[in-house]
Amino acid sequence: MLDIKKLLVDKPETLRTKLEQRGCPPDTLHRLRELYEPFRTLIHRRDELNARRNRESHEIGALMKAGQKDEAESRRIAVRELGDQIGKITPELSEAEKRLHEFMLTIPNLPHDSVPVGPDESANQEIKRWGTPPQFDFKPLDHVELGNDLRILDIERAARITGARFAILRGLGARLERALINFCLDLHTQPFNPETKLHGYEEVWPPLIVNDRTLIGTGQLPKFEDDLYRLKDVEDVSMELDAQKTTPRKYYLIPTAEVPLTNIYAAETLEGSRLPIKMVAYTPCFRSEAGSYGKDTRGLIRQHQFDKVELVKLTRPEDSYDELESLTRDAEAVLEKLELAYRRVALSTGDLGFSAAKTYDIEVWLPSQNTYREISSCSNCEEFQARRAMNYLRFSRSPNSKPEFVHTLNGSGLAIGRLWVALLENYQQADGSVVIPEALRPYIDGLELIK
RNA sequence: GGAGAAGUCGCCUAGUGGCUGAGGGCGGCGGUUUGCUAAACCGCUAUAGGGGCGUAAACCCCUAUCGAGGGUUCGAAUCCCUCCUUCUCCGCCA
């Protein structure tokens, strides 16, 4: 959520250009103003009426005490009118406030000045490359063929027990998945290295089901509900029975561990000395992939359920861009240890996710596609998430200083399913076997080869 | 699922209709004193919104907030209703 007062009132030009760069409809600013002005007028009027009533009521109290009953009685009738006016204006005000707030929740974060400006992914900027894509003197297979032949991947039967975009891993395939998860977790939970600035994350096991408030906090709601799996809500029913207005909670499967992790301290004020807070979690992730029909239909690249190790940081504002660099390095370290070629790309203003101010994608080399494919996305959301939905996630520099919003960052470290794919494809041999890179062997009983 | 208790300012707590945005203690910050520490004493110690404000900070004023929402009243931390959360006991369960 943006700081409406600071931006709309003080810096409308910045707001306009940044929204444009992001591809927001051109009338966004105008609509925002149209919602903000009546809110401002109404709240001003309401405050004035309240002030008058408070003053009058106070005086009535004094009269009563002084025994001037008649005078008090007539004043009381007059003030009752005031109350009626307030009663009339209140629903108008809350309606205006609600509409403003709801609209605010649909406006994306503003891109950081260092983000390349452009309409879509064609304007993304390659930052660096690491490693050399492997050369094969045979025609490399893709992970589906490899997995089938090795009997470690079964997509057809998964379709039977669930549907499309699900997979069964078995035998060494399942074992490999588990090894990769543990490998990533062990790497990121190593003690912080002050020289390289790497690692030092606290391991977390979060809930896999979260409520709507939490999803508003990180930005998936209200705009992207279609991408989520929603659970049937038993609480809806019990609330309807007594016809109260209490908003029922909606439950969803998490699309990424970013959601529960970033929200852990929502609405709290943290001590400044605790920052940065760095957390890592392995979780399955659930995405409906609405609107991606026909995209990546083959194999494990795009699944409704996939495993991911996620990194989340809460930092001081002045540190967040350094922390984004080191978080990205943390993610890249996984690929370097496993000796998989990758490149880093800075997303352009038109390609940024909703909550991000700046994002690096890490793309791993996939021989079957002869290209680099996204395996991690590392973002600095600045204070956007910390502000949303009254989730005032803040910190105090010292006990008496005014609380400020923390900056939130997240990044995959890494997407395990895609890592599984990259490993099979990059380490395949002519006979269809797959070499296990050395760094991973301790996690898979010292196994050197899947065949 | 059944029964009971409770939710006030970072923490503990006072408060049964106006003098209460809210007293006391602890903690924290600043100061006086001091060779240093401690003690003692003094002061400060919520957040959000709106306005003064015409760049920012500072400051001032108003409004809201005593778990949440609603109601009664000229006026609600206090009375009424509903909900939420936490704790205890019983039941069930991986």
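We use all heavy atoms of the structure for the numbers below, so side chains are in, but hydrogens, waters and symmetry mates are not.
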With rounding to the closest Å, how many angstrom separate the C1' atoms on B:rG91 and B:rC84? 24 Å
Under 3.5 Å, is there a donor-acceptor pair between the A:E258 and A:Q385 side chains? yes
Return the pairing partner of B:rG1 with a 3.5 Å limit on both distances, Watson-Crick or G-U wobble; otherwise return none. B:rC90
With no hydrogens and no angle check, just 3.5 Å: does a side-chain donor-acceptor pair link A:T256 and A:K308? yes
How far does the C1' atom of B:rC80 sit from the matching atom of B:rC61, given to the nearest Å? 35 Å
May I ask you to say what A:I43 touches in the nucleic acid, namely base, sugar-phosphate or nothing, with a heavy-atom cut-off under 4.0 Å? sugar-phosphate
Pick the C1' atom in B:rU72 and in B:rU63, then give their distance to the nearest Å. 23 Å
Can you figure out which of B:rG18, B:rG51, B:rG49 approaches the side chain of A:R40 most closely? B:rG51
Would you mind reading off the distance between A:N211 atom CG and B:rA68 atom P, rounded to a whole angstrom? 18 Å
Check every strand shown and say whether A:R80 touches a base, only sugar-phosphate, or nothing at a heavy-atom separation below 4.0 Å. sugar-phosphate
Both distances below 3.5 Å, Watson-Crick or wobble geometry, any strand: find the nucleotide opposite B:rC26. B:rG10
Start at the 5' end of RNA chain B and walk down; is the nucleotide closest to A:A62 or to A:E56 reached first? A:A62
If you measure from the P atom in B:rG31 to the same atom in B:rG50, how many Å do you get, rounded? 35 Å
Residue closer to the 5' end of RNA chain B, A:M64 versus A:K5 (nearest nucleotide): A:M64
Using whole Å, what does the distance between atom P of nucleotide B:rG69 and atom NZ of A:K98 come to? 15 Å
Please name all residues satisfying salt bridge (charged side-chain N to carboxylate O under 4.0 Å, His left out) with A:R441, sequence neighbours left out, ordered by chain then number. none
In whole angstrom, give me the gap between the P atoms of B:rG10 and B:rG17. 27 Å
Distance below 4.0 Å between A:R46 side-chain N/O and B:rG50 OP1 or OP2: no
Check the distance between B:rU47's C1' and A:F405's CZ and give it to me in whole angstrom. 11 Å
Pairwise P distance, B:rA14 and B:rG70 [rounded to whole Å]: 29 Å
Ignoring hydrogens and geometry beyond distance, is a side-chain donor-acceptor pair present between A:N263 and A:T214 at under 3.5 Å? no
Check salt bridge (charged side-chain N to carboxylate O under 4.0 Å, His left out) between A:D3 and all other residues, then give those that pass, not counting sequence neighbours. A:R387
Who are the salt bridge (charged side-chain N to carboxylate O under 4.0 Å, His left out) partners of A:E177, not counting sequence neighbours? none
Ignoring backbone atoms, test whether A:Y36 places a side-chain nitrogen or oxygen under 4.0 Å from the OP1 or OP2 oxygen of B:rG49. no
Would you mind reading off the distance between A:E383 atom CD and B:rA48 atom P, rounded to a whole angstrom? 12 Å
Whole-Å distance separating the NZ atom of A:K6 from the C1' atom of B:rG50: 18 Å
Whole-angstrom distance between B:rC44 and B:rU73, as gauged at atom C1': 37 Å
Gap in Å between the two P atoms, one belonging to B:rC41 and one to B:rG24, rounded: 15 Å
Return the set of residues passing side-chain contact (heavy atoms from CB on, under 4.5 Å) with A:A78 (not counting sequence neighbours), or none when no residue passes. none
Separation of B:rU73 P from A:D84 CG (nearest whole Å): 10 Å
What pairs with A:F224 under side-chain contact (heavy atoms from CB on, under 4.5 Å), at least two apart in sequence or on another chain? A:D227, A:F354
Provide a list of protein-nucleic acid N or O atom pairs under 3.5 angstrom, restricted to nucleotides 52-62 of chain B.
residue	atom	partner	partner atom	Å
B:rA56	OP1	A:D10	OD2	3.1

